[in-house]
Amino acid sequence: MYILVINSGSSSIKYQLFKGDSDTPICKGLVERIGLDGSRAVHEVTLNGEDQKIIAERSIADHQEGMQVLAALLVREDIAVLADPAQITTVGHRVVHGGETLTATTSITEEVKDKIKALYSLAPLHNPGHIKGIEVSEQMFPQAIQVAVFDTAFHRTIPEKAFRYAIPEEFYTEDHLRVYGFHGISHQYVSAQASAYLNKPDAKLITIHLGNGCSMAAVDGGKCIDTSMGLTPLDGLIMGTRTGTIDPSILIWLMERKGYSLTEVSDLLNKKSGMLGLTGSSDMRDVGKLYNEGNHAAVTAYQMYAYRVKKFIGAYAAALNGLDAIIFTAGVGENDSFARELVCTDMDFFGIDIDKEKNATRAPGIRDLNIAGTKTKILVIPTNEELAIAQQCRELLDTQ
Ligand SMILES: Nc1ncnc2c1ncn2[C@@H]1O[C@H](COP(=O)(O)OP(=O)(O)O)[C@@H](O)[C@H]1O
Ligand SMILES: CC(=O)OP(=O)(O)O
Ligand SMILES: [Mg+2]
């Protein structure tokens, strides 16, 4: 049994190939900076005991092209890990928005695809890419069972007082407008890792997923009780190209005063704002370089980005009525020590005290960054959405 996992994010496609019950992939890779300058694919494979890394730098305009690059790497003869692509029995797909009806891991039928398509307007940067990924993989691996694992599933335990919006009730009962929350596969994975690391099943945790999309979750004893994204992945933190929380009156102002159409408003908030709108670049590595050059816009943007995270930490410490650990994860959370330092500065009221030396040191695996003896653990936990998806695929297949 081979399980191929496809995780298409808004700016990248990550993939891992697992054999049998092993949690160690036999190859993995990343197609990144999709639609930006400098896009590339990085493919890692261990052949005859030797680690090989293939880096293909080329323009990759969209997720469909990204999937084709990925598929070609998997079957490239000189580095092939499979004798035949037909050996892949299952393809697990991350799907960001499952809406009201797709609430648990499921095998993909035409009906499931239609439901994912019906949610395009609620996840415009993601669900269309997932459908492309599913369709390309149905063509490439027609013998495999295609499985969907949803970002929204982990957030189903959020109580009504946190998932409802203060708008007339029929918009909830008839139109299902509510907080769904996203990055659930990642929040669930890193919170479980943190509880095990702390040896505390009832731990009160705040998970901080900072990728191109960014969100936080408050997790009490393994159950999510609140999260920063809402009906769509636009709410909450400042992201690569998304605003996060803004005064909704700005939308009305744009339409009334500037004559913006609905599409223009959606594009502005989803694709042209966040770090991109503030600095001209959505990629934190680029923004970091500008910061180091003393660029005023980048300095302000970093401060705004970290300040928003701090405010959610305060809110979630109150919601949890306690705090054992905060956990940084995903592209920025795992790699950008400066962003972590900014978030943790002047947070001793919450028992959060970062050790700058530990924070600046790179190391694989789980890292503990707080000053020894301080109350709240500050952890960096590499997320592994692909492994979590493979595990959920196995559970689904076991029950069928
Ligand atoms: N070494 C690094 N230092 C700072 N930021 C990084 C580093 N590596 C990746 N990132 C940032 O991580 C973000 C992408 O995170 P990722 O979790 O891969 O996103 P997504 O899954 O949403 O596409 C980008 O903003 C990128 O700049
Ligand atoms: C939900 C979301 O924003 O996902 P990503 O960060 O992978 O774009
Ligand atoms: Mg991601």
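Counting starts at 1 for both ligands and their atoms, in listed order.
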Residue part near ligand 1, for Lys14, under 4.0 Å between non-hydrogen atoms:
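The side chain, only.
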* Heavy-atom contacts under 4.0 Å between Arg94 and ligand 1: side chain, backbone, both, or neither? ->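 Neither; no heavy atom under 4.0 Å.
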Per-atom contacts, ligand 2 versus [X] - under 4.0 Å to a heavy atom:
X      : result
Gly213 : 3 (O), 6 (O), 8 (O)
Phe182 : 1 (C)
His126 : 1 (C), 2 (C), 3 (O), 4 (O), 5 (P), 8 (O)

To the nearest 0.5 Å, what is the distance between CZ on Phe141 and CD on Gln143?
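Atom-to-atom, Phe141:CZ and Gln143:CD are 7.5 Å apart.
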Gap separating the CD1 atom of Ile389 from the CD1 atom of Ile6, nearest 0.5 angstrom: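 Atom-to-atom, Ile389:CD1 and Ile6:CD1 are 9.5 Å apart.
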Quiz item: If you take all heavy atoms of Ser215 and His183, which pair is closest and at what distance?
Solution: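 It is OG-ND1, 2.8 Å.
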Nearest non-hydrogen partners of Arg340 and Leu369, listed with the distance: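 Smallest heavy-atom distance, with atoms named: NE-CD1, 3.5 Å.
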Find all atoms of ligand 1 within a distance of less than 4.0 Å from any non-hydrogen atom belonging to Ser12, and give their numbers and elements.
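Listed by number with element, the hits are 20 (P), 21 (O), 23 (O).
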Counting from 1, what ligand 1 atoms have a heavy atom of Gly213 closer than 4.0 Å?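 Atoms satisfying the 4.0 Å criterion: 22 (O).
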**Candidates Lys14, Lys28, Gln16 - the one meeting side chain to side chain donor-acceptor pair (under 3.5 Å) with Asn384** =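 For Asn384, the side chain to side chain donor-acceptor pair (under 3.5 Å) check succeeds only for Gln16.
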What is the closest protein heavy atom to [atom], and at what distance does it sit?
atom                    : result
atom 19 (O) of ligand 1 : Asn212 N, 3.1 Å
atom 25 (O) of ligand 1 : Met284 N, 3.2 Å
atom 17 (O) of ligand 1 : Gly331 N, 3.1 Å

Requested in this report: Work out whether the distance between some heavy atom of Arg362 and some atom of ligand 1 is less than 4.0 Å.
Outcome: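 Judged by the 4.0 Å heavy-atom criterion, Arg362 does count as contacting ligand 1.
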Is the distance between the ring centroids of Phe182 and His97 under 6.0 Å?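 Here the rings of Phe182 and His97 have centres that are less than 6.0 Å from each other.
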**Study point:** Proximity of Tyr165 and Tyr172 rings by center, below 6.0 Å
**Key:**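 No; Tyr172 has its ring centre 6.0 Å or more from that of Tyr165.
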Can you figure out which of Asn335, Val332, Asp286, Asp283 has its heavy atom closest to atom 7 (C) of ligand 1?
->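 The residue whose heavy atom sits nearest atom 7 (C) of ligand 1 is Asn335.
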For atom 7 (O) of ligand 2, tell me which residue out of His209, Met229, Arg94, His183 has the closest non-hydrogen atom.
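Nearest heavy atom to atom 7 (O) of ligand 2 lies in Arg94.
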field: Arg76 and Ile54, any side-chain heavy atoms less than 4.5 Å apart
entry: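 They are in contact (side-chain heavy atoms under 4.5 Å apart), so the answer is yes.
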Mind checking whether [X] has an N or O less than 3.5 Å away from an N or O of ligand 1?
X      : answer
Gly211 : no
Ala330 : no
His209 : no
Arg285 : yes

* Asked: Do the charged groups of Asp267 and Lys272 touch, with an N to O distance under 4.0 Å?
  ->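 Answer for the salt bridge query: no.
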Note to self: What I want to find out is whether Glu65 reaches Arg58 closely enough, with some N-O distance under 4.0 Å, to be called a salt bridge.
What the structure shows: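 Counted as a salt bridge, because a side-chain N and a carboxylate O are separated by less than 4.0 Å.
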For ligand 2, is any non-hydrogen atom under 4.0 Å from Arg242's backbone (N, CA, C, O), its side chain (CB onward), both, or neither?
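Side chain only.
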Just to check, does Met239 reach to within less than 4.0 Å of ligand 2 when the distance is taken from its heavy atoms?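 No, Met239 has no heavy atom closer than 4.0 Å to ligand 2.
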Note to self: Cation-pi check for Phe163 against Arg178: NZ or CZ below 6.0 Å from the six-membered ring centre and within 45 degrees of the axis, yes or no?
What the structure shows: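 Yes, a cation-pi geometry.
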Can you tell me if Glu160 has over 12 outside heavy atoms packed within less than 6.0 Å of its CD?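 Counting other residues, nucleotides and ligands, CD of Glu160 exceeds 12 neighbours.
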